[in-house]
Amino acid sequence: DWTALVSELGSNNEHRRWRAAQGLAQLIRNDQASPPVDREPLARNPDVAIALTALLKDSLASTTPSDEDLTHQQFIARALGALEADPVTLPVLAIAMEDGRDLEVRKSALMAVAAIAGRHFDKETGFTSEGGEDKPASERKRLTSSTITDAAVLDQLKRAAQSPEPVIRHLAGFALGNVGGESSIEQLKVMLFDGDRAARANAVTGMARNGSVEAVPALIALLKEVQIPLDTAALKGKPEKEIFEAEQRYQVEQPQLARNCLRAVLDLWALMTPEQRQEIRPEVTNISEKFFSPDVRLQAAALAKRIAAE
């Protein structure tokens, strides 16, 4: 009973409030998996949005939050990313993104903003075709303005893109790619030279998503970098745990970077110069033949076949 859960969010009992929030978040996920036929999805319900944002705002106002409070803030911030109520949710997410907030809370708020902006981006550009296939940038409508206009959120994204925390910068890059618009693209151009590889990669893929060919030189560099094997010589003599963690990171991060780069090539291929295409073709071929992850090889092979046809 979602109405009872909304009512519980106003309870004086902290545990009842947070249990109700968890219950609502689960119902919202259920709606996404199986849209209701007898009512509007809870993600569009104003009562749900108002109650959840009020809960997060009250928690953020605490000057001495406990570890449990911070965990709750992370959870609600992520839950707000599923709601379709921008005027209600975005001002509170902007507060959660502020400098000085708990790092995990800021990350959750950035991910929520990226999710909200991403839904708008896909809808406004026709990102997915009727057959369900993702269209490259050259085949989509171009954004005429940013997908998010909340001034406080845009200001926090700009600050996050310059944060000393690499993880905040790379999440900001992801969100900015979904926000689009001239200001976001200018910030992403600066991030092409970021010292953190994940931030650079998100800048490249965000610009590619928006059809900006200025990302191509950085994309070529990443395509070469993604094929570099793990430097096992540098790990010799290190503690066994450290070696294991480095190997695990490589096994997870390298394929993800490769997948993102291949998607960026698809987005920008039709917009590239002949010289840029000539430089990228052998990199895609090498990845399709030699990359250690089978799914990446398949993705690269499909891309190689597609760009050969074009």
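All of these numbers come straight from a predicted model, not from anything done at the bench.
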Is any side-chain heavy atom of [X] less than 4.5 Å from a side-chain heavy atom of [Y]?
X    : Y    : value
L93  : D150 : no
T125 : K135 : no
M191 : M207 : no

Linked, directly or transitively: [X] and [Y] (ILVMFWY side chains, under 4.5 Å):
X    : Y    : value
F174 : V167 : no
V216 : V190 : no
I116 : L154 : yes

Near [X] [atom1], under 6.0 Å, is it more than 12 heavy atoms from other residues, nucleotides or ligands?
X    : atom1 : value
D38  : CG    : yes
K189 : NZ    : yes
N13  : CG    : yes
E104 : CD    : yes

When Ile, Leu, Val, Met, Phe, Trp and Tyr are grouped by side-chain heavy atoms lying under 4.5 Å apart, directly or through other members, which residues fall in the same group as I50?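 So far as hydrophobic clustering goes, I50 is joined with V88.
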
For [Y], does its backbone N or O pair with a side-chain atom of [X] as donor and acceptor, under 3.5 Å?
X    : Y    : answer
D69  : S66  : yes
R281 : A308 : no
Q227 : L223 : yes
Q73  : S59  : yes
T273 : Q276 : yes

Between [Y] and [X], do the side chains contain a donor N or O and an acceptor N or O under 3.5 Å apart?
X    : Y    : result
R29  : Q26  : yes
Q256 : N260 : yes
N202 : R169 : no
S212 : N210 : no

Taking the six-membered ring of F127 as reference, does the NZ or CZ atom of R209 fall below 6.0 Å from its centre and within a 45° cone about the axis?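 Satisfied, under 6.0 Å and within 45°.
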
List the residues meeting salt bridge (Lys or Arg N to Asp or Glu O under 4.0 Å) with E247, not counting sequence neighbours, and say none if there are none.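 Counting only residues at least two positions away or on another chain, E247 forms no salt bridge (Lys or Arg N to Asp or Glu O under 4.0 Å).
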
Pairing residues for R197 by the salt bridge (Lys or Arg N to Asp or Glu O under 4.0 Å) criterion, not counting sequence neighbours: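 Partners of R197 under the salt bridge (Lys or Arg N to Asp or Glu O under 4.0 Å) test: E225.
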
After noting the C-alpha distance and the side-chain angles of E283 and K224, does the key distance pass the salt bridge (charged side-chain N to carboxylate O under 4.0 Å, His left out) rule? CA-CA 7 Å; E283 304 303 337; K224 295 177 184 294; 2.9 Å; yes

Identify whether the distance between the nearest side-chain nitrogen and carboxylate oxygen of E133 and R306 falls below 4.0 Å.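 Judged by the 4.0 Å cut-off on N to carboxylate O distance, E133 and R306 do form a salt bridge.
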
Under 30°, 30 to 60°, or over 60°: which ring-plane class applies to W18 and H72, parallel, tilted or perpendicular?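 The rings of W18 and H72 lie parallel, inter-plane angle below 30°.
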
Rounded to the nearest 0.5 Å, what's the gap from CD1 on I168 to CG on D99? Could you check?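 Separation between the atoms: 9.0 Å.
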
